[in-house]
Protein chains: 2
Amino acid sequence: MEADEQSSGEHGACAAADGRPGDGSRAELDLAQFLPYRLNRLADRISDELERMYAERYGINVAQWRVLAWLSHSDELTAKKICTYTNMDKARVSRAIQALEDRGLIYREPSAHDQRVHDLHLTAAGEELLASLVPDAQAWEAELVATLSVGEYRDLFNAMGKLERQLERIGQR
Amino acid sequence: MEADEQSSGEHGACAAADGRPGDGSRAELDLAQFLPYRLNRLADRISDELERMYAERYGINVAQWRVLAWLSHSDELTAKKICTYTNMDKARVSRAIQALEDRGLIYREPSAHDQRVHDLHLTAAGEELLASLVPDAQAWEAELVATLSVGEYRDLFNAMGKLERQLERIGQR
DNA sequence: GACAATTGGTTTCATGAGAAACTATATTGC
DNA sequence: GCAATATAGTTTCTCATGAAACCAATTGTC
């Protein structure tokens, strides 16, 4: 039943309370066709795999990884910006930054114009770690998407973009 | 920078250590084009929204919701099966089941053939709750995917399916 | 210039999740 | 038939996370 392909609703999302009229008709939801569920489960599995790799080979967790990744291509970064970019809680970001600093992978310098803010930078050790981590991550991703055609891959990103924008629209109401 | 559309790799995944030869070339990773990151962030946001709805209107969390949803269309369910279907930890499932039982939304009966196993069923109250929750969830999903065409929607599910299968293949090695 | 209101970031606290230990039942090998 | 092993499910322990309190610096507003 995991994979049964029913379809009826606008998008084949099926799973309506399939109103057999009168009887004790049950509200059914086919999770396999419910986007939030499918997306979440997929993302979780991918995340688990990658997390394991990060942890085993480099001793960092996902939050730390994200901070490093953002640092890798923008050197004008503060905790706040990372929060907005990554959608992570500021406490989580704060802890990730602290851990990375303790390990000497990044350093902070107080911003010239605002004493509350610290500018974040990679150390040499941080760059070194990224230099070996990034190709690993990319190789893994490449293997993951190996069965998608270039078009499918592009469409997938497009769809995700649309969903994110729609989510934004829904959220601010 | 959040949305800049670079592309170079096989799939436009860009973000290679863009080997400026010789210099202190940096390993860069464009998270915006990194599938695990994008997927995770999207799934997280969707999950957050839905979770809020479940909690506010029905006082249940995601784990409980998943148990209910699976129960809604298969009445031959055990904790173990829910674990495999949903990919959730057995402790998490156990707690969800307990909470639902405490609230009188489901009941357990010891299986006839194996005393370790409990068969799970919705109570009348459980069915009632689902009858109002499921349409809510579907309406929300419908709004989320409103900007996708039917084709895009189908392709998205296809892509997710392929990724899941590929993940399986990668995992068992 | 002083007092209120904001903002960036850290810390404290409570909660949920996974790992591993544990219990009780079933199954297998002999 | 009985010891050894496996399986379903629960409980304990630890840890990461998010919410809220908090601190320090900054930006109004009068």
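The sequence lines fix the lettering, A, B, ..., with proteins before strands; numbering per chain opens at 1.
- Contact between the side-chain N/O atoms of A/Q98 and the OP1/OP2 oxygens of C/dT11 is found at a separation under 4.0 Å.
- By the 4.5 Å heavy-atom criterion applied to side chains, A/I106 and A/E127 are not counted as neighbours.
- Among the nucleotides C/dA26, C/dA17, D/dT17, the one closest to any side-chain atom of B/R92 is C/dA17.
- Rounded to whole angstrom, the span from the NE2 atom of B/H113 across to the P atom of C/dA24 amounts to 24 Å.
- Rounded to whole Å, atom P of C/dG18 lies 9 Å from atom CE of B/M88.
- Among the nucleotides C/dA19, D/dG9, C/dA26, the one closest to the side chain of B/D89 is C/dA19.
- One can place CG of B/N61 at 15 Å from C1' of D/dT17, the figure rounded to the nearest angstrom.
- Picking from C/dA17, C/dA26, D/dA19 the nucleotide with the shortest atom distance to the side chain of B/Q115 gives C/dA26.
- A donor-acceptor pair shorter than 3.5 Å cannot be found between the side chains of A/Y85 and A/S74.
- Contacts of B/A91 with the nucleic acid, taken as non-hydrogen atoms under 4.0 Å apart, include base atoms.
- The base of D/dT26 lies outside donor-acceptor range of the side chain of A/R116, with no N or O pair under 3.5 Å.
- One finds the CD atom of A/E51 at 10.5 Å from the CD atom of A/E49 (value rounded to the nearest 0.5 Å).
- We find that A/E76 and A/K81 are not joined by a salt bridge, their nearest charged nitrogen and carboxylate oxygen being 4.0 Å or further apart.
- Atom C1' of nucleotide D/dC23 and atom CG of A/D114 are separated by 14 Å, given to the nearest angstrom.
- Under 4.0 Å is where a charged nitrogen must lie from a carboxylate oxygen, and between A/R108 and A/D119 no such pair does.
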Side-chain polar contacts of residues 91-100 of chain B - donor-acceptor pairs under 3.5 angstrom, sequence neighbours left out - could you list them?
none

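- Residue-to-nucleotide contacts include a donor-acceptor pair under 3.5 Å from the side chain of B/R95 to the base of C/dG18.
- Rounded to whole Å, the distance from NZ on B/K90 to P on C/dA21 is 12 Å.
- Taking side-chain N and O atoms only, A/S94 has a distance below 4.0 Å to OP1 or OP2 of C/dT10.
- Rounded to whole Å, the distance from CD1 on B/I82 to P on D/dA8 is 14 Å.
- Among all heavy-atom pairs drawn from B/A137 and B/W65, the shortest one is CB-CH2, 4.1 Å.
- Inter-axis angle, ends of the helix from C/dG1-D/dC30 to C/dC30-D/dG1, five pairs per end, rounded to 10 degrees: 20°.
- The distance between atom CD1 of B/I60 and atom C1' of C/dG16, rounded to the nearest whole Å, is 16 Å.
- Atoms CG (B/N87) and P (C/dG18) sit 10 Å apart, rounded to a whole Å.
- Looking only at atom types and distance, the side chain of B/H121 has a donor-acceptor partner in the side chain of B/E109 under 3.5 Å away.
- As judged by a 4.0 angstrom heavy-atom cut-off over every strand, B/K80 is placed among residues touching the sugar-phosphate backbone only.
- In the set D/dT12, C/dT10, D/dA6, the nucleotide with an atom closest to the side chain of A/R108 is C/dT10.
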